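These numbers come from a predicted model, not from an experiment. Note that ligands are numbered from 1 as they come in the structure, with each ligand's atoms numbered from 1 the same way. Just the heavy atoms: all of them, side chains too, but no hydrogens, waters or symmetry mates, feed the values below.
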Amino acid sequence: MPDPIFVISSPRSGSTLLRVMLAGHPGLFAPPEMVIAPFATMRERRAKLEQRFWEKGGLRRAIMDLEGVDVDQAKAIEASLDELTVPEVYEWLQKRLGNRILVDKCPHLAPEPASLARLAQWFPNARWIWIVRHPGSVVRSVENMPMAEVMLSGYSQGFGEIWHDTNRSIQNFLADIPAERWARVHYEPLVTDPRKTMLELCDKIGIAFCEELLTPYDGDRMREGPTGARAVGDPNMATRGRIQPELATSWLEGFDPQSVSAATHSLARQLGYDLAGIAPPPISQVSQALAELWDSARKIEASMRMPADLDNVEGRRFLLRMLSAGVDLFVEEGDVDRPQFHHAEGPTRKMFADNPDTDYWRASIRLGEGRRYRITGRVAKNSTYVGVLLYRKGGVCGARLHDEQFVDQEGRFDMVVSAEPDALLRGQGDEVAVMVRQYFHDRQKELPVELSIELLDAPPPVQLEPRSFAARLGRAKRNLEAVFDRTLRTWKMASTKLINRFQVLEGEELFPTPDNTYVVCWYRLGHDQLMLVRGKVPKARYWGFCLYNVWMESLEYRHHTIFLNAKSLKTNPDGTYEICIAHRDVGHPNWLDTTGHLAGYALIRVLLGDEAMEAPTTRILYEHEWQATH
Ligand code: A3P
């Protein structure tokens, strides 16, 4: 009686396919996995299969085939073998094979060197077929296998190392087996050139080649089995219908060679698989983009050195705020097919000299290619100002309208935004965002604007997908860098050129409201100094005066008075005013609290003013000097 041929491999290496191919050979008997080889006795096996019940069917299926019986009879026969040792069961099987050789496919052996060694002792003349598959295909197939965690309990720690651990164990085992008694077959040539591969295998293992080896889907071959005697092995094999050469590479898309250990790379190389040459999977683009975003944030943080401690600690907070703004802008609110208006700034997200008196409603859009957005809503009668502005690539201001130009008698509006000639708000075709700004003089009395946006004829929603996700993260990174770059350049300019004097600010760099005129000063005070600012409020839709830190964030306005507008400012009968910027309440009616900032911006905005703006004057005093006269 010839010793069996054992087929060993890591999981998901194509061993079921190979088993069924071999099952067509008239000189071989190759049943589904019987799961007897790893045990010394059937009692041991029974205990194990109480837990892994789905592996009970293979031996029964073999018995049905050998004895020509049904499931129940096969179960009874299996029970009669209960007290035997495993070698006795092999003998029982072999007696029923006639001249055929038993082919026992058992991937469970791979992680169990002791069982392999014991089998080699039981069957000194056994032959071994080791089927190897690309580690990338094995890892991906394992990861995507239903109930992988359960099926693979007993294997190594991480799925990523299953390929290495099992194949290394087989390699070590076969090192002591004479070369003429084992063969290594690779999955890829088996499915792409089965004839050549089978010819070589037969030659190596010492069996005659026959055509049936190439037709795994002809005849029964125990590919399946009835309830109670299900064929154990790859559950999908039976339904594939043909040898599928495309599976040689299809799993590799999505495999990240970085995800497996150096030991895997090295063993793969020995076995003829070059992992270094594999293109990284799409998800690695996301990892890369995230790494670059973190890197950028880290560099910004590392180079953050402001003169004052307070500015340095607020800088770290600003960095986090801008990171979170980037996530909102480009990840959460980046869907240009289903845009929504969201607050771009607020008490905990401030940039480029936000106005505490303004709501900044932003939505991501993409104009061009005939795309048309509809913005509808309503502005309350007593509203200070509502303006709509498009932003083009790179933050360039585009087309804009203010409320008088788009709101009807009832305060309602319904406008089309597109690059087409009939649009009320017509873009150039490269617009990326729309911003609706609402200014308030008194948030208690003025109602917020009602606002909604939709893309007309929007395509159906799409799933999150690595390439576009990575692109969005790239935008978040560039945005973060641009915010810091612009903020720091403005700080350098202002803190050297505008010390304690007001000047009209030009340029679009800081995302202004284009209907505004800005007048800015860099105040710098000693611990015991204050600044008096004197000027006149011009005729305008809105006038406001606000203090900012070096990051152009308005100071904490929820708990301190750091800004005034034309309504809250106390003016003289002739319309002139005096504002006092001070670290403490010195009893001035227009005191603005520096909240401990010895230097920063003081900014005046005049919205739709109809007079030429005159810069106010400034005077620095010691607190005691002011107090002496009041
Ligand atoms: P996937 O279904 O995950 O692709 P094993 O039998 O050792 O567990 O290996 C299972 C793998 O064998 C399957 O994994 C599949 O790739 C491969 N396989 C099964 N039937 C096949 C067929 N007809 N043609 C090509 N490959 C097949």
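- Between Glu333 and Arg338 there is no salt bridge, since no side-chain nitrogen of the basic residue lies less than 4.0 Å from a carboxylate oxygen of the acidic one.
- Electrostatic pairing of Asp3 and Arg127 does not count as a salt bridge here, judged by no charged N lying under 4.0 Å from a carboxylate O.
- Contacts classified as ring-ring contact (aromatic ring centres under 6.0 Å, His included) and involving residues 59-86 (residues at least two apart or in different chains) are not found.
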Fill in: ring pair (Phe, Tyr, Trp, His ring centres under 6.0 Å) between His186 and Tyr273, intermediate numbers included
CA-CA 11 Å; His186 286 260; Tyr273 297 106; 5.5 Å; yes
Tabulated below should be the N or O atoms of ligand 1 paired with protein N or O atoms at under 3.5 Å; can you produce that?
from     : atom 1 : to     : atom 2 : distance (Å)
ligand 1 : 2 (O)  : Arg12  : NH2    : 3.4
ligand 1 : 2 (O)  : Arg240 : NH2    : 2.6
ligand 1 : 3 (O)  : Arg12  : NH2    : 3.2
ligand 1 : 3 (O)  : Ser141 : OG     : 2.5
ligand 1 : 3 (O)  : Trp251 : NE1    : 3.4
ligand 1 : 4 (O)  : Trp251 : NE1    : 2.7
ligand 1 : 6 (O)  : Thr16  : N      : 3.0
ligand 1 : 6 (O)  : Thr16  : OG1    : 2.5
ligand 1 : 7 (O)  : Ser13  : N      : 3.0
ligand 1 : 7 (O)  : Gly14  : N      : 3.1
ligand 1 : 7 (O)  : Ser15  : N      : 2.9
ligand 1 : 7 (O)  : Ser15  : OG     : 2.7
ligand 1 : 8 (O)  : Arg12  : N      : 3.3
ligand 1 : 9 (O)  : Ser13  : N      : 3.4
ligand 1 : 9 (O)  : Gly14  : N      : 2.9
ligand 1 : 16 (O) : Arg133 : NH1    : 3.1
ligand 1 : 16 (O) : Arg133 : NH2    : 3.0
ligand 1 : 23 (N) : Tyr217 : OH     : 2.9
ligand 1 : 23 (N) : Arg242 : O      : 2.8
ligand 1 : 24 (N) : Gln244 : N      : 2.8
ligand 1 : 26 (N) : Tyr187 : OH     : 2.6

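- A donor-acceptor contact closer than 3.5 angstrom links the side chains of Arg168 and Gln171.
- The pair Lys477-Glu292 does not count as a salt bridge, with every side-chain nitrogen at least 4.0 angstrom from each carboxylate oxygen.
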